[in-house]
Each structure stands twice: as structure tokens, then as C-alpha cells.
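Chain letters run A, B, ... following the sequence lines, proteins first, then strands; residues in each count from 1.
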Amino acid sequence: MPELPEVEVTRRALAEELTGDRLQGVVIRTLKLRLPIPSDLPVLLQGRTLQEVGRRGKYLLFRLDNGWLIIHLGMTGHLRVLPASMAAGKHDHLDLLFGGGRILRFTDPRKFGTVLWSGGEPHAHPLLADMGPEPLEEGFDGEYLHALSRSRSVAVKQLIMNSSVVAGVGNIYANESLFRSRLRPSRSPHSLSREECGALAVAIREVLAESILQGSTIMNFRVAEEPLRYHPLDFRVYGRGGKPCFDCGGMLEEIRLGNRSTVFCPHCQK
DNA sequence: AGAATTACCTGAGCGC
DNA sequence: TGCGCTCAGGTAATTC
């Protein structure tokens, strides 16, 4: 489950490795992801040059001469740059062939990933058009969260995981940022003060930025041929239900919120 | 409009 | 060793 930091680290690695290179071929092994891969992708991509690699939330945006290839890694997807001679495995769904015998290979066992094409601005694509602000950019702050939260009835954790509220905050970082800001995941948004909303916005920005920094530091300079890993040792609460809180030593509690695994410290988080 | 539910998919972990 | 079961989870589509 690549979250925003992993997607950003991938973006940087691919931009470094592939920007300016020409796409020489496309191999699609199945169109049947959760949403079908556009069948005319080979025609659209063949011979085009990669101009830049961007990101919106957890969507990777590859700008070609004639439009944008949009890829979401879903739960289990990853992208690697490999020698073209590398045999394809069971879950290798898409290869983009570049010069120098390199392929950009999309692999996704659970097929929750998404491959789209946009002829124009990718932000206008229907699946991206309604996304909220980028958490690491201007426009996402405590005031914004506070204003938005007045009329919402879901738990605050569900609020920040809503992509129309803020882009790219998934389950792991929602848990982590709520712990950092000392807020219970089940809190009603309209109960949050301006100060609490501010602390939450800061916490979200911090946990994401720190994870990107850490991921970048360990990133293989030549682009990992192994999928990027998470940094499970760094998580303070995610995956640690029943274990001691790093801050107070009390036992972390695990509940379900919106059918998502939710971990918090009942002592530290109010 | 916002909230809740469903659907998609397969590896991993479990009990037996 | 292998079978059957349950679970995990991002997000689009659908329903309430």
C-alpha cells in the first residue's frame, strides 16, 4: 500500500531516471485492472517523449508530448525500471520500453492500481478534478480544516482520509498524524477547535514530509529494482495495536472506523 | 451534499 | 502438505 510518501519518492526516482527519454514501445499484458487500462494506450504512447513526472495525491502524472499518462499504485502496485531482458512475472501488467534496453514495469498483484490517459490537463480528469488541496502545499492548513469541519458528521480520521478534503492521506498517515497531534481518531470534526485543527494540519504535513525525506535518503540512486519499502519501525501507532505507546507506555487501542483499522493511545490522544 | 455501502483482487495467515 | 476460511485496504461507483 504505497502512500503519498512512497509515491513521491517513486516520482523523484522516475523523474531522475526517465525524463527526456523517448518511449519506444508498450506491452500490455492485461487490460483488466479494477478500472480497465485504455486499450489505445500503445498508439497514444508510441514514440512520445517523457517531459516530466508529476504527482497529485497518490496519482503519478507522466507528461508526454501529447497528453498525460496517469498511474495510481493502488494497494499493492509498484513501478520499477528494469533491463528489458527481465522476464515478466504473473503480476506484471504493463511495460513501457525506453532507450538503452530499459523498461518501466508496472506490477500489481491485487490489480487495485489504475492506469489512465488524459489528453489535456490531468487535473481536469474526472477522477482528479474533485480532489482537495495537496497536504504539502499552500491551501492546506488549520483554518481550511476548521472551516470544512464545521458541517461534517464523520469521525475526524475519516474526514482527513477523504480525498476531496485533502489529497493523498491514507490509513497509515491518518493514524500517525492523529497520534502526533494528540487527537482521538473518533473525534467529531465540529468539536475541534481552531488550535486543534492547526495542530492536525501541521502533524499531517510533518509526518508526510519526514517520511519523504527518509525514503529519499535510502533511495537507490539508480532507481530501485526492488519495490520501495515502508518504514514500519518508524510508525508510532499504525500496526501497533496492543503494544505500548512510545510516549506514555500505556497500551495502544485498536478499533475500526469506517471499516479501517484504527490505532490510538487512549491516554495521549484526547 | 454528505454519508454509507459495495465492489474490485489475491497473498498471507490461520485452524484443522 | 493442503484445504478452506478470513482479512487487508484505496477509491470509484452506487445507493441511501
Side-chain angles (χ1 to χ4, degrees), chain A residues 1-8 10-11 29-38 55-61 70-79 88-94 106-118 122-135 144-178 185-192 204 208 211 226-230 232 235 237-242 254-263:
Chain A
M1 39 197 155
E3 295 243 5
L4 189 149
E6 288 77 17
V7 175
E8 174 60 19
T10 299
R11 184 196 70 75
R29 298 196 180 76
T30 181
L31 297 174
K32 296 172 63 177
L33 304 186
R34 189 172 64 89
L35 303 179
I37 297 179
R55 178 184 61 75
R56 178 78 172 104
K58 297 182 202 167
Y59 287 89
L60 286 165
L61 313 174
I70 304 174
I71 296 182
H72 193 291
L73 299 175
M75 288 290 306
T76 52
H78 59 261
L79 289 163
K90 186 177 173 183
H91 306 301
D92 296 333
H93 308 311
L94 174 68
F106 172 63
T107 306
D108 185 7
R110 290 188 196 172
K111 299 183 177 175
F112 276 17
T114 309
V115 178
L116 306 166
W117 176 259
S118 176
H123 303 298
H125 189 284
L127 296 191
L128 306 190
D130 294 331
M131 293 184 84
E134 284 293 318
Y144 166 81
L145 265 187
H146 187 260
L148 231 174
S149 65
R150 298 305 86 189
S151 61
R152 301 302 186 108
S153 63
V154 293
V156 61
K157 175 160 177 274
Q158 293 168 277
L159 187 76
I160 61 175
M161 288 180 69
N162 182 337
S163 66
S164 68
V165 171
V166 55
V169 177
N171 195 39
I172 294 175
Y173 291 96
N175 279 299
E176 294 300 312
S177 54
L178 286 162
S186 58
R187 276 282 291 279
S188 290
H190 58 73
S191 79
L192 299 177
I204 289 171
L208 292 174
S211 190
E226 292 296 314
L228 289 166
R229 278 185 233 259
Y230 298 90
F235 296 142
V237 288
Y238 178 78
R240 298 195 63 248
E254 180 154 9
I255 61 172
R256 306 290 294 182
L257 264 186
N259 208 28
R260 291 286 175 263
S261 169
T262 303
V263 187

inquiry  = Which heavy atom of A/Val115 sits nearest to which heavy atom of A/Leu33, and what is that distance?
reply    = CG2-CD1, 4.1 Å
query = What is the minimum heavy-atom distance between A/Pro109 and A/Thr76, and which atoms define it?
reply = CD-O, 3.4 Å
message = Please determine whether a side-chain nitrogen or oxygen atom of A/Tyr238 lies at a distance below 4.0 Å from atom OP1 or OP2 of C/dA8.
response = no
inquiry  = So, does A/His91 get its side chain near the phosphate of B/dC9, meaning an N or O under 4.0 Å from OP1 or OP2?
reply    = no
key: B/dC9 OP1/OP2 closer than 4.0 Å to side-chain N/O of A/Lys32   = no
ask   = Any stacking of A/Phe112 on C/dT11, going by centres under 5.5 angstrom and planes within less than 30 degrees?
value = no
task = State which residue, out of A/Lys157, A/Arg152, A/Gln158, fulfils the side-chain contact (heavy atoms from CB on, under 4.5 Å) condition with A/Pro189.
result = A/Arg152
Below 4.0 Å: OP1/OP2 of C/dA8 and any side-chain N or O of A/Arg256 = yes
Given DNA chain B, 5'-ward residue of the pair A/Asn162 and A/Lys111, judged by closest heavy atom = A/Asn162
inquiry  = Counting distance alone, no hydrogens or angles: does the base of C/dG10 have a donor or acceptor under 3.5 Å from a partner atom on the side chain of A/Arg260?
reply    = yes
query = Donor-acceptor pair under 3.5 Å: do we get one between A/Arg34's side chain and the base of B/dT10?
reply = no
query = CG of A/Asp108 versus P of B/dC9: gap in Å, rounded?
reply = 11 Å
inquiry  = Does a side-chain N or O of A/Lys90 approach OP1 or OP2 of B/dG11 to a distance below 4.0 Å, or not?
reply    = yes
